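Below is one structure, written out as C-alpha cells; the observations come after it.
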2 protein chains.
Amino acid sequence: MAQKNVISLDKIKVACRDCSLSTLCLPMGLRPDDVDRLDAIVKRNRPLQRGDHLFRAGEAFRNLYVVKTGAVKTFTQTNEGDEQVVGFHLPGEVLGLDAIQDGQHGCSARALETTAICELPFDRLEDLSSNIPSLQHQMFRLLSKEISHEAEMMALLGRSTAEERVASFLISLSERFKRRGFSATDFFLSMSRQEIGSYLDLALETVSRLFTRFQDEGILKVERKHVQILDLERLNGMVVHPTNVERHHANPST
Amino acid sequence: MAQKNVISLDKIKVACRDCSLSTLCLPMGLRPDDVDRLDAIVKRNRPLQRGDHLFRAGEAFRNLYVVKTGAVKTFTQTNEGDEQVVGFHLPGEVLGLDAIQDGQHGCSARALETTAICELPFDRLEDLSSNIPSLQHQMFRLLSKEISHEAEMMALLGRSTAEERVASFLISLSERFKRRGFSATDFFLSMSRQEIGSYLDLALETVSRLFTRFQDEGILKVERKHVQILDLERLNGMVVHPTNVERHHANPST
DNA sequence: TCAGCCTTTTGACCTGAATCAAAGTAGGGA
DNA sequence: TCCCTACTTTGATTCAGGTCAAAAGGCTGA
C-alpha cells in the first residue's frame, strides 16, 4: 500500500523530458538542454482530489499551472452567487494566463477529479524566457493560442443554437482526448450537466434534452457520464465551420 | 493644400516618445532609451480611409498593429457569408495578437473611419523583447490583458440580456474614450447598429429598440451616431458587476 | 439493506429576442 | 436640386430555450 503510493508519486514527478505531454506543453519545440532548464523551475506537488481548489479568484498570481493528469474547471461567481464555468482543462493545458496582466487570478480553479499539476513560478519563467529565445517564442504562442481559443469560443456562444453548442462541446472534447492518446469516441465526462450548461450558456435541462435527442437520433450513446460518439460525421455537420478555411491546414497543436 | 498634407503626415509620424498614447500603448513602463529602441522598429504608413482593410483573415502574420487615431473593427465571415464583428479598436489598442499562434490572421480588420496605424514587425519585436526584459514583461501583460478582456466579453455575452449587453457596450466605450482624453458622456459611434448588433450578438433591431428605450427612460440622448449619456449611474446599474470585486482596484490600464 | 441526497430526465408553459415587414430619414452623387 | 441607396426605427408575429415542477435513477454512508 505504502509501496504503491511511492510508485504513483514517482510517476507523477516525472521530469519534462520524460513526460508524455511534452509535445502539447510548454517544452514543445525546445532543445533538450533547454527543456532541462525549464524542468528545473517546475514544482510538482501532491495530486489534488476532486473538489480541491488550485487557486481562487482574487488570489495573488505567482504561478502558471499545467494539468498533468485529470481535469480542472475554471469558474467565476456571478453576482447572483452562482458559479459560471469559464473552461475545462485537460492534461497539457495551461492555467492562469489571464492573471499575468494584473497580478491576481480573475477566476477560481478546482479539480473535477484526481488531478496532478505542474507549477511554474512565473517570475522564473520570465527570466528563463529572456535567456531562451525559443521559450519566449513558445510563451508568445501559448498566450496567442489562448486568445484565439477564446475568440472561437465567443464566436460559438455568439452565433449558435443550443444544438450547435453541445455538438461543438462534444467535438472539442473528442479532439482533445484523441490528441492525448485517449479514445475520441468513447469517454467519460468529468463534469455535470449543470457545469456543461454553465460553460455553454445553456440551462442544464437543455443540455440533458440535447444529449437525449442526439441519442435518439443515433449520434450518441449517453449513459450519465459515459459518452460514446456513434456518428462523428453528423456531429461535425451540425457545427458552423469557420469560413476562413485556410486556418485549418495551418497549425496542428492543442 | 500640399502644405497641409505634409503637416498632417508629420503629426501622424510622431515618435513613440512624443506620442500621447505612450501610457496606453506598448511603451508603457519602458525606460526612455528603450522606448527609442522600440520606436526604431515602428513603421508608420499613410492613414487608412474608412473601409480600407488593415489585414484580411488568412493573410500571413508579419506585424502587430496599434491604432494611433481613428477606429478599426475586426471581424470574421460566418459560413452563411455575413460578417461577424469580433471587436472595435480605439487608439492605443493592439491588433493581431491572435495571429502569433499560427502565423496567419484569423480575422480581418478594416477602418471604421480615417485611421492612423503604427506597424510593428513581430520578428523584430521578439528580438527586442529578448534584449529588454521590461518589454518582454510588457508583451506578456499585453497578451494576458487580451485574454482577460475576451474572458469578460464571454461572460457578458454568456449570461446577460440584450439590455445588459447594450449598457455594457456603452459603458465600455465611455470608459475607453475617457481614458483617451475624450468626453465620457458625449461621443459619436463610428459603427452602425448592424455592427453593434453583430458584436453583441443581437439583431440590429434589438439594438435600435434599446437605444430608443434608454432614451425614453432619460438615460441616453441618441441621434443616429451621436450618443450622449445622461445617466451613467443608471446605465452602470444595469450591468452585472463581477463579484470578485478585488479585481477592480488593481490595474488601471486600457 | 435502506434512507436520503444529488443528478438527471422529462413535461408544461412562458418569455425575450429573432424574424419578417414596412415606413421614415439622411447623405452622396449626378 | 433631387434621386437613390443605405441605415434606422417601429410594429406584428414567432419560436428557441429558459423556468418551473416533478419523477426517476444512482450513489453514499449508516
Side-chain angles (χ1 to χ4, degrees), chain A residues 49-51 73 78 80-85 112-113 156-170 188-217 220-228 238-240, chain B residues 49-51 73 78 80-85 110 112-114 156-170 188-217 220-227 238 240:
Chain A
Q49 296 305 311
R50 175 178 169 79
K73 72 170 171 184
T78 69
E80 288 87 36
D82 37 36
E83 82 177 37
Q84 167 54 46
V85 174
L112 288 166
E113 55 190 270
L156 177 71
L157 290 186
R159 5 200 160 304
S160 59
T161 61
E163 175 184 284
E164 266 178 80
R165 294 187 201 181
V166 173
S168 281
F169 173 72
L170 289 169
F188 283 81
L189 303 174
S190 48
M191 69 295 283
S192 69
R193 303 287 188 269
Q194 171 77 263
E195 288 165 328
I196 297 170
S198 170
Y199 178 61
L200 298 177
D201 260 314
L202 296 172
L204 70 93
E205 293 94 330
T206 305
V207 176
S208 175
R209 277 185 245 271
L210 281 161
F211 278 8
T212 305
R213 213 187 82 206
F214 288 170
Q215 174 154 265
D216 292 348
E217 293 173 344
L220 297 182
K221 173 115 175 45
V222 190
E223 188 168 2
R224 300 224 127 204
K225 307 276 184 195
H226 185 197
V227 174
Q228 290 167 274
M238 290 180 175
V239 177
V240 176
Chain B
Q49 297 305 308
R50 174 178 168 79
K73 72 169 172 185
T78 68
E80 288 86 37
D82 37 35
E83 81 178 36
Q84 167 54 44
V85 174
R110 67 165 38 172
L112 288 166
E113 55 190 90
T114 304
L156 177 71
L157 290 187
R159 16 211 146 297
S160 60
T161 61
E163 176 184 284
E164 265 179 80
R165 293 186 202 183
V166 173
S168 280
F169 173 71
L170 290 168
F188 285 80
L189 302 173
S190 48
M191 67 296 283
S192 69
R193 303 287 188 266
Q194 171 78 263
E195 287 166 328
I196 297 171
S198 170
Y199 178 59
L200 298 176
D201 261 312
L202 297 171
L204 69 94
E205 293 94 330
T206 305
V207 176
S208 176
R209 276 185 244 272
L210 280 161
F211 278 8
T212 305
R213 214 187 80 205
F214 287 171
Q215 173 154 268
D216 292 347
E217 293 173 343
L220 297 182
K221 173 116 174 46
V222 191
E223 187 168 359
R224 301 222 125 207
K225 307 276 186 197
H226 185 197
V227 174
M238 290 179 174
V240 177

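Chain naming here is simple, since letters A, B, ... match the order of the sequence lines and numbering starts at 1 in each. On a predicted model such as this, the values are computed, not experimentally measured, just so you know.
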Would you kindly give the NZ-to-C1' distance between B:K225 and D:dA6, to the nearest whole Å?
10 Å
In whole Å, I'd like the distance from the CD atom of A:E223 to the P atom of D:dG26.
7 Å
With a 4.0 Å cut-off on heavy atoms, is B:T212 in touch with a base, just the backbone sugar-phosphate, or nothing at all?
sugar-phosphate
Return the OG to CD distance between A:S168 and A:E163, rounded to the nearest 0.5 Å.
10.5 Å
If only atom types and distance count, is the side chain of B:R50 paired as donor or acceptor with the main-chain N or O of B:T114 below 3.5 Å?
no
Taking heavy atoms of chain B and a 4.0 Å limit, find me the 5'-most and 3'-most nucleotide of DNA chain C within that range.
C:dA17 to C:dA26
Using whole Å, what does the distance between atom C1' of nucleotide D:dT9 and atom CZ of B:R193 come to?
9 Å
Going by side-chain contact (heavy atoms from CB on, under 4.5 Å), name the residues that satisfy it together with B:E113, two or more places apart in sequence or in a different chain.
B:A71, B:T115, B:S190
Working to the nearest 0.5 Å, report the span between CG of B:L157 and CG of A:L156.
11.5 Å
Write down the distance between CD (B:E195) and C1' (D:dT8), rounded to a whole number of angstrom.
14 Å
If the helix axis at each end comes from five base pairs, how far does the helix from C:dT1-D:dA30 to C:dA30-D:dT1 deviate from straight, to 10°?
40°
Can you tell me how far the CG atom of B:L200 sits from the OG1 atom of B:T206, to the nearest 0.5 Å?
10.5 Å
Is the side chain of B:R110 donor-acceptor paired with the backbone N or O of B:K73 at a distance under 3.5 Å, no angle test?
no
Nearest 0.5 angstrom please: A:F211 CZ to A:I196 CD1, how far?
4.0 Å
My understanding is that only residues two or more places apart in sequence, or in another chain, count here; which of them pass side-chain contact (heavy atoms from CB on, under 4.5 Å) with A:Q194?
A:S192, A:L204
Quick one: is D:dG25 close enough that its OP1 or OP2 comes under 4.0 Å of any side-chain N or O from A:R224?
no
Partners of A:R209 by side-chain contact (heavy atoms from CB on, under 4.5 Å), sequence neighbours excluded?
A:E205
Between B:D201 and B:R165, is any pair of side-chain heavy atoms under 4.5 Å apart?
yes
Taking C-beta and beyond as the side chain, do B:V85 and B:M191 meet within less than 4.5 Å on heavy atoms?
no
Whole-Å distance, B:F211 CZ to D:dT9 P, equals 8 Å
Give each protein N/O atom lying under 3.5 Å from an N/O atom of nucleotides 16-20 of chain D, with the pair distance.
from	atom 1	to	atom 2	distance (Å)
D:dG17	OP1	A:A162	N	2.6
D:dG18	OP1	A:D201	O	3.4
D:dG18	OP1	A:A203	N	3.4
D:dG18	OP2	A:A203	N	3.1
D:dG18	OP2	A:T206	OG1	2.4
D:dT19	O4	A:R209	NH2	3.0
D:dC20	N4	A:E205	OE2	3.1

